[in-house]
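First listed ligand is number 1; within each ligand, the first listed atom is number 1.
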Amino acid sequence: MTRPVGVFDSGVGGLSVFKALRAHMPAEAFVYLADSRFAPYGERGDAFVIERTRAVVRQLRDEYAIKALVIACNTATAAAIHLVRAEHPDLPLVGVEPALKPAVALSKTGRIGVMATRGTVQSSKLRALHDSLKGQAEFILQPCDGLADAIQNHDVARINALCGQYTQAIGPFGNQPGQVDALVLGCTHYAFAWDTLQALVGPDVRLIETGEPVARQTRRLLEAAGQLRQGSVPGSVTLLATGPQEALNAAAKRWLNL
Ligand code: DGL
């Protein structure tokens, strides 16, 4: 039996990471779980996110015997990855966190915007990462209430309005001294508002998301464990949703051509 790799997010956002995972490991089998009945996570508080993350990991292990797990959600990673690691020491595990370090390397003005959920912005994990980079750049951390939900529901008018509101709060953008020239997308949902955000901040600003490095790290981990599935036959993909299955299928079709 081929054991799959589990990928999990509160909803459709993790598909942005899943896209990179599939590109890096085309023969691998994947189970993607969107916990959409309980989305969004970002404004619900740690206790709720921890409880849901534990339940999802249990389900993916018991019902699908996953051989590794990618938590494709910044909010769940910040709140719960340390607990999952402690409770499942035998499970190779990869999380996502806002790409502050790559942004420092890219920014010339030293002013970097970070868009994330309230849960991620308020987490001790992001605070520690932020503190570790003190003096290297100035970060403008913007909690983006409602944006993941708007993307989850494919509500284009609300996506445009909220992206406008939050980029305005972070800017001015550009490559001149004092301007923000790098924008970190610290929630996996936001990658699906890429074009809207790029149009708002202008062509001189680099948007940074985490799909690629997470996919590379997952591949390395599987290789090291002797668990990477190779070959020319494309691996199977199972899409699961705790909420309406239709919404996940539509998003996978829209964004991944699945
Ligand atoms: N996609 C998630 C993240 O990366 C969570 C969005 C939400 O459910 O609020 O943070």
Side-chain angles (χ1 to χ4, degrees), residues 6-21 32-57 69-82 84 93-100 102-103 113-127 129-130 141-155 158-159 162-163 166 183-194 197 207-215 217-218 239-244 247-248 251-252 255-256:
V7 184
F8 141 68
D9 180 39
S10 63
V12 299
L15 290 173
S16 61
V17 176
F18 181 53
K19 189 176 182 177
L21 287 165
Y32 182 95
L33 191 145
D35 195 22
S36 44
R37 182 170 163 217
F38 300 94
Y41 283 179
E43 292 135 56
R44 296 248 166 119
D46 279 0
F48 180 88
V49 177
I50 288 170
E51 187 194 316
R52 287 310 308 156
T53 303
R54 279 187 164 135
V56 165
V57 178
L69 176 67
V70 179
I71 303 183
C73 174
N74 293 265
T75 312
T77 300
I81 196 168
H82 58 293
V84 177
L93 187 62
V94 180
V96 293
E97 65 179 11
L100 268 57
V114 182
M115 296 174 70
T117 67
R118 185 163 292 276
T120 300
V121 169
Q122 291 177 346
S123 68
S124 50
K125 208 161 180 295
L126 188 66
R127 200 171 320 121
L129 179 61
H130 186 211
L141 303 177
Q142 178 63 46
C144 299
D145 292 352
L147 183 53
D149 188 51
I151 294 168
Q152 181 68 28
N153 292 301
H154 199 48
D155 181 343
R158 217 161 114 238
I159 294 169
L162 290 173
C163 284
Y166 294 132
L183 182 61
V184 175
L185 309 189
C187 166
T188 53
H189 278 72
Y190 304 166
F192 295 118
W194 187 283
L197 288 166
L207 303 190
I208 305 162
E209 51 105 30
T210 32
E212 282 296 315
V214 166
Q217 196 191 338
T218 307
L239 297 176
L240 305 169
T242 55
L248 177 61
W255 292 320
L256 270 62

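Side-chain N or O atoms of Thr188 include none that pairs as donor or acceptor with a backbone N or O of Ser16 at under 3.5 Å. Thr77 contributes a side-chain N or O that, together with a main-chain N or O of Val96, makes up a donor-acceptor pair within less than 3.5 Å.
In terms of protein heavy-atom proximity, atom 1 (N) of ligand 1 is closest to His189 ND1, 2.8 Å. Ranking the protein heavy atoms by distance from atom 7 (C) of ligand 1 puts Tyr41 N, 3.3 Å first. What sits closest to atom 10 (O) of ligand 1 on the protein, heavy atoms only, is Thr75 OG1, 2.6 Å.
Interface atoms of ligand 1 facing Ser10, defined by a heavy-atom separation under 4.0 Å, are 5 (C), 6 (C), 7 (C), 8 (O). Near Gly42, with a cut-off below 4.0 Å to any heavy atom, the atoms of ligand 1 are 7 (C), 8 (O), 9 (O). Residue contact check: Pro40 has heavy atoms under 4.0 Å from atoms 7 (C), 8 (O), 9 (O) of ligand 1. Interface atoms of ligand 1 facing Thr117, defined by a heavy-atom separation under 4.0 Å, are 6 (C), 9 (O), 10 (O).
To the nearest 0.5 Å, atoms CZ (Arg44) and CZ (Phe38) are separated by 8.5 Å. Considering CD1 of Ile71 and CD of Glu97, their distance stands at 12.5 Å, rounded to 0.5 Å.
With a 4.0 Å cut-off on non-hydrogen atoms, Asp9 touches ligand 1 through its side chain and not its backbone. If you look at Ala148 next to ligand 1, the close heavy atoms, those under 4.0 Å, all belong to the side chain.
Remark: Ala193 pairs with Ile151, Ile159, Cys163, Leu197 by the side chain to side chain contact (heavy atoms under 4.5 Å, CB included) rule, at least two apart or across chains. In this structure, the side chain to side chain contact (heavy atoms under 4.5 Å, CB included) partners of Val56, at least two apart in sequence or on a different chain, are Phe8, Leu33, Asp35, Arg52, Leu60.
The closest approach between Gly11 and ligand 1 stays at or above 4.0 Å for every heavy atom of the residue. The shortest separation from a heavy atom of Gly13 to ligand 1 is not under 4.0 Å, leaving the residue out of contact.
Val114 has its side chain out of reach of Thr120: every pair of non-hydrogen atoms, C-beta onward, lies at least 4.5 Å apart.
Inclusion of Cys73 in the set of residues having an N or O under 3.5 Å from an N or O of ligand 1 is not warranted.
The aromatic rings of Trp255 and His154 lie perpendicular to each other, with more than 60° between the two planes, well past the 30° mark.
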